[in-house]
Amino acid sequence: MPKTTSPNFAEKVYALCQKIPRGKVTTYGAIARALHTKAYRAVGQALKCNPYAHGVPCHRVVRSDGSVGGFKGKTEGKEVEEKIKMLKKEGVRVEKYKVDLKNVMRIKV
DNA sequence: GTTGTGACGGGTC
DNA sequence: CGACCCGCCACAA
């Protein structure tokens with residue numbers, strides 16, 4: 001049992017992102033919950049690093065409000081728009097900068 | 001060891 | 001519905 005929080009915290013985040021089914025999205029809070037923690041903020045930072053950009057569909061992760069949040073380290077800009085476009089392509093309905101909460105996959109309630 | 005900040009969350013105004 | 005504030009954990013300087 002690690003005395004610190006979790007050296008593999010980010011790794012867990014990536015693992016969960018991979019388990020996100022196509023056409024659906026999840027929230028940072030959900031991931032944090034699934035990890036049995038409350039570091040929703042740390043989750044975002046881990047994804048921001050996203051060394052598995054080609055293995056982890058981080059674009060399927062949105063905020064609890066349904067906002068797409070950010071992408072590629074940018075909270076706004078065409079990068080985010082691209083993320084939205086990708087989600088739409090997967091079948092996720094996106095309005096403005098928000099996705100339908102129905103498409104949000106709640107890992108833990 | 002302390003400070004600051006963030007791809008956040010929820011509550012309040 | 002938008003703006004603001006506080007609280008949360010992890011990480012970098």
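Chain letters run A, B, ... following the sequence lines, proteins first and then strands; every chain starts at 1.
Within the structure, side-chain hydrogen bond (donor to acceptor under 3.5 Å, both in side chains) pairs that include any residue of residues 39-57 of chain A comprise A:E11-A:Y52 (at least two apart or interchain).
Taking atom CG of residue A:N8 and atom P of nucleotide C:dA10, one finds them 12 Å apart after rounding to whole Å. For A:L35 and C:dA10, the CG to C1' distance is 12 Å, given to the nearest whole Å. Across the protein-nucleic acid pair, A:F9 atom CZ and B:dG6 atom P stand 17 Å apart, rounded to whole Å.
Scanning for side-chain contact (heavy atoms from CB on, under 4.5 Å) contacts around A:S67 gives A:R63, A:D65, A:K98, with sequence neighbours left out. With sequence neighbours excluded, the residues satisfying side-chain contact (heavy atoms from CB on, under 4.5 Å) with A:T26 are A:I20, A:A30, A:I31, A:V61, A:I107. Every residue two or more places apart in sequence or in another chain that forms a salt bridge (charged side-chain N to carboxylate O under 4.0 Å, His left out) with A:K72 is listed here: A:E79. Residues satisfying the side-chain contact (heavy atoms from CB on, under 4.5 Å) test with A:K88, not counting sequence neighbours, are A:I84, A:V94.
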Open item on the list: Across nucleotides 7-13 of chain B, 5' to 3', mark each nucleotide with B, S or - according to how protein heavy atoms within less than 4.0 Å reach it.
Closed with: BBSS---
